[in-house]
Visitor: 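Before I ask anything, let me first share the structure, which is written out below as structure tokens.
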Amino acid sequence: MLFKLVPFADFFFWLHFRMVAARMGQWLNLLVCALILLKADGFNVGITYVENAVAKGAVCLDGSPPAYHFDKGFGAGINNWLVHIEGGGWCNNVTTCLERKKTRLGSSKQMVKVVAFSGMLSNKQKFNPDFYNWNRIKVRYCDGASFTGDVEAVNPANNLHFRGARVFQAVMEDLMAKGMKNAQNAVLSGCSAGGLTSILHCDNFRALFPVGTKVKCFADAGYFINAKDVSGASHIEQFYAQVVATHGSAKHLPASCTSRLSPGLCFFPQYMARQITTPLFIINAAYDSWQIKNILAPGVADPHGTWHSCKLDINNCSPTQLQTMQSFRTQFLNALAGLGISSSRGMFIDACYAHCQTEMQETWLRTDSPVLGKMSIAKAVGDWYFDRSPFQKIDCAYPCNPTCHNRLFYFIKIRIIARSTMGQWFNLLVCALIVLKAQAGFNVSITYVENAVAKGAVCLDGSPPAYHFDKGFGAGINNWLVHIDGGAWCNNVEDCSKRRDSSYGSSKHMVKEANFTGILSNEQKFNPDFYDWNRVRVRYCDGASFTGDVEAVNPETNLHFRGARVFEAVMGDLLAKGMKNAQNAILTGCSAGGLTSILHCDNFRALFPVDTRVKCFADAGYFVNVKDVSGASHIEEFYKQVVALHGSANHLPASCTSRLSPGLCFFPENVAGQIKTPLFIINSAYDSWQISNILVPEDADPKGTWSSCKVDIKTCSSTQLQTMQGFRVQFLNALSELGNSSTRGMLIDSCYTHCRTEYQQAWFSADSPVLDKTSIAKAVGDWYYDRSPFQKIDCPYPCNPLPESCF
């Protein structure tokens, strides 16, 4: 059953998490995309730049103007204002602030132009009953010190502006001028570092208004505590001291605290919250996931990664780790006592493993939201603000609260698929692909093969097939590279019906533009051998690697199994556009598309005259027939079902189907030896998709013993690594069926990843994976142009020092 999720989750997210670690800027952009798209019941609000703040020196780290998003109030809420401060950590020295300056957390130039308002910022009464019609503002965070910094001097060597306090003042002045000065009710709120801002600036915010205005503050996940880490070091205390010193924050921290303690300590709410005179409500998890990961068990305190799996998912924590976390909870509650017990205080402290709960609809107010004393966060906060009833509740110890939405930090697919609509998931997929393929990429519009419909060459839903085509130029004008998209397979009517409603089964759901990078790049420095070729990306919408051909269409399901016809129709369209005159031609693909490039390699060769140089590349498409860890032949049965459902037998190589059952002929090991066209295999011996779905599918691991290992090979136990070494041996045995002819090429490395040629970082960049000092791009290019053969297999993991892009 796992395979039905592959197109929507494993195929993409495995690839994503392996490659994004070394690209923090890309990760931050993806996070923005995710937050925009996952706020299920939200709406978009445009950005406002406070241009006049620049003259006052109230600027982001890079000197750009501050910004916010403002949705005007209406009806009875027209004179009520809710100002919500964005979170995003801190920077504690010049090095980290320089990195931050390049992102939306340090520059308004890098901010998205619209953000989604949801949860506490929603404009719908059913989702936000007490504040829906207020003026709602989200202030963007771009200083790195919770809006406390104020250093006049700017070092021209780094051009860093530490002006957070001025930014806060300038934004508030802009809002006052837009009507906030007339507020009858006002709230200052924030999440994470923004929640800390709402505590530190609570009394300053109160001072903006007349005494008759009801002003209160909420802090969501902003009550960071001064606790030692698991090594016994005062990591967070030292970090905060550096933040305060770097940004010159001391003079903008509450004097009631700095008169008693060092300024760094006054960055902790526990030491200054009691002196805040404005009503204050704290929303926090006693097992705050950010604080567990970064205060209790930061990486420097856990050099062997003992806490890695636990931090990703609290369900993975050992009894000893849970005991340590219970102690952290005790320290958190002791620190919370610094808030005082005044009736002007409110608190909602749940037992969830979470961080920030007011911005997301699922945790703010929904039928399945976390509750404490049978009350949601939204109701508790609303009742407290409007003085309907006080709320000061602390949850029992984990795992007592079944309503918690405990965060999982690796399988984002679980949160997305379980908590949002399928349409949102596909939007996120599109957004993520755009972000991750941003380096050196460019967008290419879609082309629909409309005349294919009359031939019955259609996607699962009956829509026309499609591709993206960037024309060649210069010396490459008569050279053609056709790249096939991946996206796994569907093996029964139920799975294919779900696929039909996605971009993997319908051209109606495909994005109109696709990013070309890696092997599809048009820049010589990024793609030296193929940059000027005609480059085509064929969209995958059939679910059987373009092998299906069933004439009948069941009117109840309206499923069209016509992949082989689609392949033929697309090739026909390309031939008519000039591919028939090709001097050089390549068929390539990734994952299920890589399998396509193997199965259709000789068919592709047959399209051209004998003197055309034609070769095929398969990236992560050499799927092997091995038993899973339970001893079952899971993948063999799955492929058998795919082939039967799609009627693929007639379009699989006859040299195989004459000897073996059709299902076995879906495995490259059983067909590659008979392929006559030159073929190059690019694969990892520890292919992350195959490890996760062939060696250890969920059905074979019901207790989740492998869950952490599948996410990060560095967390695998010695026994698991031994099993994976056994898989490598089986993979190499299967690869031997390819033969050792000079027409064969291979680059089999020891990375834990899946698909590389589409991504610039892995295809050809300064930190690309290499084998025998040769990148994938150079190995493939040398082999294609007969400059030199390449048939190399890496030594077993972890023999080589491998780059981050390898994982």
Side-chain angles (χ1 to χ4, degrees), residues 2 5 9-10 13-22 27 227 229-231 235 285-329 351-355 397-399 404-416 418 628-630 686-693 695-725 727 751-754 797-798 802 804 806-807:
L2 176 63
L5 292 179
D10 296 293
F13 271 102
W14 272 109
L15 185 58
H16 159 56
F17 280 111
R18 298 292 168 253
M19 304 192 63
V20 79
W27 161 244
D229 62 35
V230 290
S231 74
H235 177 78
Y287 308 89
D288 184 287
S289 56
W290 191 96
Q291 296 196 52
I292 296 293
K293 292 165 67 181
N294 297 281
I295 295 179
L296 179 63
V300 294
D302 183 35
H304 300 295
T306 307
W307 278 78
H308 181 79
S309 178
C310 172
K311 291 193 294 183
L312 293 175
D313 182 351
I314 195 171
N315 294 311
N316 292 336
C317 298
S318 69
T320 302
Q321 289 168 330
L322 284 174
Q323 185 176 355
T324 303
M325 290 169 70
Q326 298 295 7
S327 296
F328 177 85
R329 173 181 180 269
C352 304
Y353 185 62
H355 183 70
Y398 175 87
C404 278
H405 290 202
N406 294 320
R407 294 299 175 194
L408 305 180
F409 290 91
Y410 44 90
F411 284 123
I412 288 182
K413 66 183 183 187
I414 294 174
R415 303 301 307 170
I416 295 169
D628 63 35
V629 291
S630 74
Y686 307 90
D687 184 288
S688 56
W689 192 94
Q690 295 197 53
I691 295 293
S692 300
N693 296 280
L695 181 64
V696 195
E698 288 182 0
D699 289 348
D701 183 37
K703 296 182 180 178
T705 307
W706 280 77
S707 60
S708 177
C709 174
K710 290 195 293 185
V711 170
D712 184 352
I713 194 172
K714 297 171 186 176
T715 67
C716 297
S717 69
S718 57
T719 302
Q720 289 168 331
L721 284 174
Q722 186 176 355
T723 302
M724 290 168 71
Q725 300 296 7
F727 175 86
C751 296
Y752 186 63
T753 189
H754 183 70
Y797 173 87
L802 300 169
E804 284 299 319
C806 212
F807 300 100

Visitor: Do M325 and Y353 have side chains that get closer than 4.5 Å, going by heavy atoms?
Guide: yes
Visitor: When rounded to the nearest 0.5 angstrom, what is the spacing between CD1 in I691 and NE2 in H754?
Guide: 12.0 Å
Visitor: Are any non-hydrogen side-chain atoms of E698 and W706 less than 4.5 angstrom apart?
Guide: no
Visitor: Sequence neighbours left out, what pairs pass side chain to side chain donor-acceptor pair (under 3.5 Å) with at least one residue falling in residues 715-724?
Guide: S708-T715, S717-Q720
Visitor: Checking I713 against L721 for the side-chain contact (heavy atoms from CB on, under 4.5 Å) test, could you report, in this order, the C-alpha distance in whole Å, the side-chain angles of both residues, the deciding distance, and whether it holds?
Guide: CA-CA 8 Å; I713 194 172; L721 284 174; 4.0 Å; yes
Visitor: For F727 and Q690: C-alpha separation, side-chain torsions, deciding distance, then whether side-chain contact (heavy atoms from CB on, under 4.5 Å) applies.
Guide: CA-CA 9 Å; F727 175 86; Q690 295 197 53; 3.8 Å; yes
Visitor: Is there side-chain contact between C709 and M724, with heavy atoms separated by less than 4.5 Å?
Guide: yes
Visitor: How many angstroms lie between atom CG of D687 and atom CG of N693, to the nearest 0.5 angstrom?
Guide: 9.5 Å
Visitor: For Q326, check side chain to side chain donor-acceptor pair (under 3.5 Å) against everything at least two apart and list the hits.
Guide: Y287
Visitor: Quick one: pull up CG in N294 and CG in D229 and give me the separation to the nearest 0.5 Å.
Guide: 11.0 Å
Visitor: Mind checking side chain to side chain donor-acceptor pair (under 3.5 Å) for T324 and listing every partner two or more places apart, or none if nothing turns up?
Guide: none
Visitor: Taking the side chain from D628 and the backbone from A700, do they hold a donor-acceptor pair closer than 3.5 Å?
Guide: no
Visitor: Ignoring hydrogens and geometry, is there a side-chain-to-backbone donor-acceptor pair from Y797 to Y686 under 3.5 Å?
Guide: no
Visitor: First locate atom OG of S707, then atom CG of L312, and finally report the distance between them rounded to the nearest 0.5 Å.
Guide: 9.0 Å
Visitor: Mind checking whether N316 and Q321 have side chains closer than 4.5 Å, heavy atoms only?
Guide: no
Visitor: Under a 4.5 Å cut-off applied to non-hydrogen side-chain atoms, are L322 and I314 in contact?
Guide: yes
Visitor: Show the nearest heavy-atom pair for residues D302 and H308, with the distance to one decimal.
Guide: OD2-N, 3.8 Å
